[in-house]
Amino acid sequence: MSSEIATKTYSLSWLGHFFSSSVGRKLIMSLTGLFLCLFLAVHMSGNLQLLKSDGGRAFNEYAYFMTHFAPIKVVSYITYFLILLHAFDGVALALKNRQARPVKYAATPAGSTWASRNMALLGIIIFFFLVVHLKSFWFEYKFGAMPSVTYDGKEFKDLYSIVKEAFSQWWYVLLYLVSLVALAYHLIHGFQSAFQTLGLSHKKYTPIIQAFGWIFSIGVNLGFAIQPLYLFFIQQS
Amino acid sequence: MKITLKVWRQKNAQDNGRFETYNVADIESDMSFLEMMDVLNQQLIKDKKDPVAFDHDCREGICGMCSMVINGHPHGHVKATTTCQLHMRSFKDGDTIVVEPWRAKAFPVIKDLAVDRSAFDKVIQAGGYISVNTGSAPEANSVPVPQDMAEKAMDAAECIGCGACVAACKNSSAMLFLSAKVSHMALLPQGQPERKKRVISMMKAHDEAGFGSCTNTGACEAYCPKGISITNIARLNREFLSAALSSEQPV
Amino acid sequence: MKLDAKIPAGNLEDKWTTYRSKCKLVSPANKRRLDVIVIGSGLAGASAAATLGELGYNVKCFCFQDSPRRAHSIAAQGGINAAKNYQNDGDSIYRLFYDTIKGGDYRSREANVYRLAEASVQIIDQCVAQGVPFAREYGGLLANRSFGGVQVSRTFYARGQTGQQLLLGAYSALSRQIAAGSVKMYNRHEMLDVVVIDGKARGIIARNLITGQLERHGAHAVLLCTGGYGNVFYLSTNAMGSNVTAAWKAHRKGALFANPCFTQIHPTCIPVTSGYQSKLTLMSESLRNDGRVWVPKKKEDRLKPPQQIPEEDRDYYLERMYPAFGNLVPRDIASRAAKVVCDEGRGVVKSGYAVYLDFSDAIKRLGKDVIAARYGNLFEMYQRIADDNPYETPMKIFPAVHYTMGGLWVDYDLSTTIPGLYALGEANFSDHGANRLGASALMQGLADGYFVIPVTIAQFLADEIRTPPINTNQAAFAEAQNNVQAQIDRLLGIKGNKSVDDFHMALGKIMWDKCGMARNAEGLKQARKEIQTLREEFWQNVLVPGTANEFNPELEKAGRVADFLELGELMVIDALNREESCGGHFREEFTEDGEAKRDDANFQYVAAWEFTGTGKDPQLHKEELVFENVKPSTRSYK
């Protein structure tokens, strides 16, 4: 009997072993992380509609499109799922990694960037921000009593006015800015780290990835930061 | 020079351990850090006290036995140096120096500054070899190895297995150590037959030993006395992912 | 006792082949039932344990380090010789054999050395197959360099870490056998006695260094792969833990110790800088290819900055004394010359024990870049230790104890005079005579472990297949354990005023001053008395802290120094007995025009010493060396 036949028992248990191995877990972090980067880029550029001086029409129409176009809806549910997966896997990794050093150092070794050592902390800040963020806009949009506007005879929920009102409060703007700084640091390490985890390291391309990661992290977050600042300073005045 | 030392004292693996403070005088700047520790121990012995236990052997930076975290720096703050090659001229008269053991679940303390690193041996035993019985080797020049490959393999093979990567890593991960061995063999034609099996088994042994996972902070590379690069970790990830997904070897 | 080296009959070229064709074998089913203990996990130990494991024997391997990968073979820098003749420069097995015999100043055994040269070829094959990343040419084939003043390029190397890479290769083979269950590894264990039953080695007493527990381990044969005893000098290039204990305990149990006075002093080491120095560091011999060795002509210039000493006031003494070879004279000659000029009071550091190794001419001639490419890593290492830039200031160097050619006497099978007890690698005496050539130590360790012992041990074990597993409840084990325990208790009980290091340092000074690079009868006689006195004081006044049942490095050291205190005396006795100068053994009374004068008529023998009791005169047994193939000649480098 050939060894092929002798060992022909298929089972799925390897998947569990694979994804719970230290590299398997990191694979989840890197793939979900890169997907979320893509999401951030789309989210940020879509929200640039806020900067249009059209009383919020473009933004409200965009919000309607995003919540009513079926393929986008599917993608958003995938996104919610991946955010949760990224968060849970991240927490699981952080807890496991803490266990690997039961007695701490009196003087802690450095030799690495602050962000790279504090990804979990940054992630937690971002997660709490997300809760606030989703409560303020997503939850209100879906389930809250929203004001409405009519464009060309069609009724739209007026998300713009909610956003504008939220960003008229200085502490809310500040909360955003702080969270965006955390996100920027999270991305500066996370973006290039994802490639390292995937094993994509090359003398020629890694510097490009690293440079792109920096530009991306700062660019996306600047893009996000402009929005509350614009609404706070320009629109209020 | 006069130095104040805050040294981790721990009777054995069960003891909780604590810092004790000692003063040593007449330290010469040409002494190595371990020779300074020798002076402390001679002083303790003559005071009928228990000398500080620490691991050391070759004292020329190659055996990988010495292992101290000095002011938070595995092997001290001087780059690409083992503790035995760190000299007191890198410190100032009157300095207070905190000396701790490697701290990791996988490296339990034996006594004071000496830890048990047999977890590394277990990782190697899981597959860090090329299965070739003595006598069965072909003529050495029958397999050419491109020079750049041989050099890269040597870059990885220089690892001395000291464990500074684990000590430096916030997750006590041994990925740099593991990746150095996996890279060394994956880069050479001799390592190909067992390439997939090796990385899968060694990764499993690494995780089972209680080392954490890699967060790509780069601290390991910064403290590696032999300057082993984290590009080896990227290679390890690549090797593992492709082996785990493409081969029929259980993960 | 009549020493029989058991050299096979026949032509030199055929001896090993014939031996292998006719020697006894042990069947695979019987190998499973035979236990072998290997002490030490360096090149010889790891390769022997791995290979015996592959063959199917039940192996137990012991090392005192925390991992077998840390044995001191790891520190060898330069390379490993092999008669591959890849460079087409006329090398052959015979030539490697001849160079080794001649380099050893005709004090080694022809048959063993020829076998070593034969095995060298297979070693490279084996190591390459294991994945040892030797240096390669652009075409992908193996690179070689010339080393140690021989005329062919036969040295294989892996940067400056050849020993490390070879050891990691052997360690990986050993790890594979540990995983397979054929070798059981005991890290942090130190062998403290060999157990001899009915005249055969049947096991050991080992101390678990973490718990302090004494353990009995039985086996059908015991292999000592425990390295050399250079640390008898306190300061040497050996690792801090390198020791003679295993070999010495075997010697006390009846194994003869051969040529103990043959020590190699390496000329290019970083000089001692302080009284606290614990260790000497070797700088590769290759530095002498471009560096010029000198001291000031005038004593009063010795502490002047070297740049301020004009050319005409410098004494390039090697070039002056040995115009034909200049700075490239063999190790023993270069070391001795440095001693001579320093003894004249012209040494260049405060202590007076250092000479300059100057690269300024080479930098002028070749440019800094070429020198950096050749020696960059060595210069960096020097600067790290000595805090001095060798591109600008000449290096300061001085000879240091590096290797011991002497060791346990073994026959062609590598068996000591106790049946079942073998000695491999630096622990035995057989291959390097009175002086070892560069890049030959690694070769010998691996030859013994990979290729010799797996064959020759069967000669003994074939007759042991009916011996059941050794019962460690026998009286001999209990007695050995009690003796070990008694020594430990005694060491801990003295509670004197001087630390172990104090005694070790004092012993080192006696050995270095009187049994070092140059020896004379008067000094040696005095040394013997001094060692005896020191030993007595040790046993009355040593202070060993802590207890027996814990991790206690001071206790480990104390046991080792106790043995060095006995070995040192034997070395002195051997040096006194050998009234000639050969290789590393230089007797001031036996010279011709200031050069070593060998006495083949009276001393062409191996001096193998039998232990008769501590402090008593050991019994000398002579193994006459017969040279059937090479004719002993005088080495001349003038």
Side-chain angles (χ1 to χ4, degrees), chain B residues 12 28 30-31 34-35 38-39 42 45-46 48-51 53 55-60 62-65 81 85 87 89 110-111 114 116-118 120-121 124-126 128-134 137-141 143-147 150 153-154 157-158 160-161 184-185 188 190-191, chain C residues 50-51 54 65-67 69-70 72 74-75 84 86 124-126 128-131 133-142 158-159 161 164-165 168 171-173 175-176 178-179 187 210 239-241 273-274 276-279 281 384-385 387 450-451 454 499 501 543 545-546 550-551 553-554:
Chain B
N12 50 43
E28 293 167 22
D30 279 338
M31 280 181 188
L34 296 184
E35 283 163 358
D38 290 342
V39 171
Q42 291 299 308
I45 291 167
K46 279 162 194 171
K48 316 261 165 180
K49 286 184 186 142
D50 193 24
D55 273 331
H56 64 103
D57 201 25
C58 80
R59 295 206 178 187
E60 52 185 288
I62 192 75
C63 76
M65 190 112 171
T81 302
Q85 298 272 282
H87 287 80
R89 65 180 79 99
I110 292 170
K111 188 180 177 187
D116 178 359
R117 282 169 288 192
S118 45
F120 270 9
D121 288 326
I124 298 294
Q125 284 156 20
Y129 47 76
I130 289 166
S131 299
V132 48
N133 281 354
T134 304
E139 211 305 310
N141 255 349
V143 185
V145 181
Q147 202 212 30
M154 181 64 195
E158 283 187 324
I160 57 173
H184 161 205
M185 292 187 166
L188 292 173
Q190 297 91 315
Chain C
T51 307
E54 286 163 11
Q65 296 92 343
D66 77 329
S67 162
R69 66 178 292 154
R70 308 209 194 279
H72 198 55
I74 206 160
K84 281 283 196 185
Y86 283 158
I124 300 303
D125 297 343
Q126 181 64 27
V128 166
Q130 286 171 342
F134 283 122
R136 294 193 175 251
E137 306 288 357
Y138 285 113
L141 301 182
L142 291 156
R159 294 190 189 151
Q161 292 114 287
Q164 179 199 25
Q165 293 308 314
L168 292 183
Y171 163 70
S172 71
S175 296
R176 175 168 158 248
I178 295 170
N187 297 345
I210 297 178
M240 301 302 286
T273 51
S274 83
Y276 296 105
Q277 192 142 348
S278 58
K279 146 93 193 172
T281 305
R384 188 188 297 279
I385 296 169
D387 198 26
Y450 282 135
F451 297 109
S499 72
D501 282 1
L543 170 52
E550 62 175 336
F551 185 61
E554 281 298 313

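Sequence lines set the chain letters: A, B, ... in the order given, protein chains first and strands last, and positions in each chain run from 1.
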Trainee: Need one label for C:I178: side chain, backbone, both or neither, based on atoms under 4.5 Å from any heavy atom in chain B.
Mentor: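 C:I178 touches chain B through side-chain heavy atoms alone.
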Trainee: If we ignore hydrogens and angles and just use 3.5 Å, is the side chain of C:E54 paired with the main-chain N or O of B:T134 as donor and acceptor?
Mentor: yes
Trainee: Using the test salt bridge (charged side-chain N to carboxylate O under 4.0 Å, His left out), find all partners of B:K49 that sit at least two apart in sequence or belong to another chain.
Mentor: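 Result, salt bridge (charged side-chain N to carboxylate O under 4.0 Å, His left out) vs B:K49: none returned.
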Trainee: Distance check, rounded to the nearest 0.5 Å: C:M240 atom CE versus B:C58 atom SG?
Mentor: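 These two atoms lie 10.5 Å from each other.
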Trainee: Check this for me, if you would: do C:R159 and B:E158 make a salt bridge, where the nitrogen-to-carboxylate-oxygen distance has to be below 4.0 angstrom?
Mentor: yes
Trainee: B:A126 versus chain C, heavy atoms under 4.5 Å apart: side chain, backbone, both or neither?
Mentor: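 Neither part.
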Trainee: Once rounded to the nearest 0.5 Å, what's the spacing between atom CG of C:D501 and atom CD1 of B:I45?
Mentor: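 Going from the CG atom of C:D501 to the CD1 atom of B:I45 covers 6.5 Å.
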Trainee: Is there a donor in the side chain of C:R176 and an acceptor in the side chain of B:N133, or the other way round, less than 3.5 Å apart?
Mentor: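 Distance-only check passes for C:R176 and B:N133.
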Trainee: With no hydrogens and no angle check, just 3.5 Å: does a side-chain donor-acceptor pair link B:D121 and C:Y171?
Mentor: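 Yes - a donor-acceptor pair under 3.5 Å links their side chains.
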Trainee: Please tell me whether B:R117 and C:S67 have a donor and an acceptor in their side chains that are separated by less than 3.5 angstrom.
Mentor: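 Side-chain D/A pair, B:R117 to C:S67: absent.
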Trainee: Relative to chain C, which of B:L188, B:V145, B:V132 shows the most heavy atom pairs under 4.5 Å?
Mentor: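 If we count pairs closer than 4.5 Å to chain C, B:V145 comes out on top.
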Trainee: May I ask you to decide if C:G140's main-chain N or O and B:Q147's side chain share a donor-acceptor pair within less than 3.5 Å?
Mentor: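 The answer is no, because no donor-acceptor pair under 3.5 Å joins these two groups.
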Trainee: Give a yes or no on whether a salt bridge exists between B:D57 and C:R70, defined as a side-chain N under 4.0 angstrom from a carboxylate O.
Mentor: no
Trainee: Heavy atoms only, distances under 4.5 angstrom: which of C:D387, C:L168, C:N187 has the most pairs with chain B? Name it, please.
Mentor: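 The residue among C:D387, C:L168, C:N187 with the greatest pair count is C:D387.
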Trainee: What is the distance from atom CD1 of B:I130 to atom OG of C:S172, rounded to the nearest 0.5 Å?
Mentor: 7.0 Å
Trainee: Could you check whether C:T281 and B:E60, counting side-chain N and O atoms only, form a donor-acceptor pair closer than 3.5 Å?
Mentor: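 Looking only at side-chain atoms, C:T281 and B:E60 do not form any donor-acceptor pair under 3.5 Å.
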Trainee: Assess the side chains of C:S175 and B:Q125: does a donor N or O sit below 3.5 Å from an acceptor N or O?
Mentor: no
Trainee: Among B:M65, B:M185, B:M31, B:Q190, which has the most heavy-atom pairs under 4.5 Å with chain C?
Mentor: B:M65
Trainee: Between B:N141 and chain C, which part of the residue has a heavy atom less than 4.5 Å away: side chain, backbone, both or neither?
Mentor: both
Trainee: Considering residues at least two apart in sequence or located in another chain, which fulfil the salt bridge (charged side-chain N to carboxylate O under 4.0 Å, His left out) criterion with B:K111?
Mentor: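 Scan of B:K111 (salt bridge (charged side-chain N to carboxylate O under 4.0 Å, His left out), adjacent residues dropped) gives B:D50, C:E550.
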Trainee: Given 3.5 Å as the limit, does a donor-acceptor pair link the side chain of C:Q165 with the main chain of B:A157, or not?
Mentor: yes
Trainee: Given a strict heavy-atom distance threshold of 4.5 Å, which part of B:Q42 is in contact with chain C: side chain, backbone, both, or neither?
Mentor: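 Contact with chain C is through the side chain of B:Q42 alone.
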Trainee: Got a second to check how far C:I385's CD1 is from B:H87's NE2, nearest 0.5 Å?
Mentor: 5.5 Å
Trainee: Let me confirm one number: the CD1-CD1 distance from C:I74 to B:I62, rounded to the nearest 0.5 Å.
Mentor: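 Reported value, rounded in 0.5 Å steps: 5.5 Å.
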Trainee: Short question: side chain of B:D30, backbone of C:T273 - any donor-acceptor pair under 3.5 Å?
Mentor: no
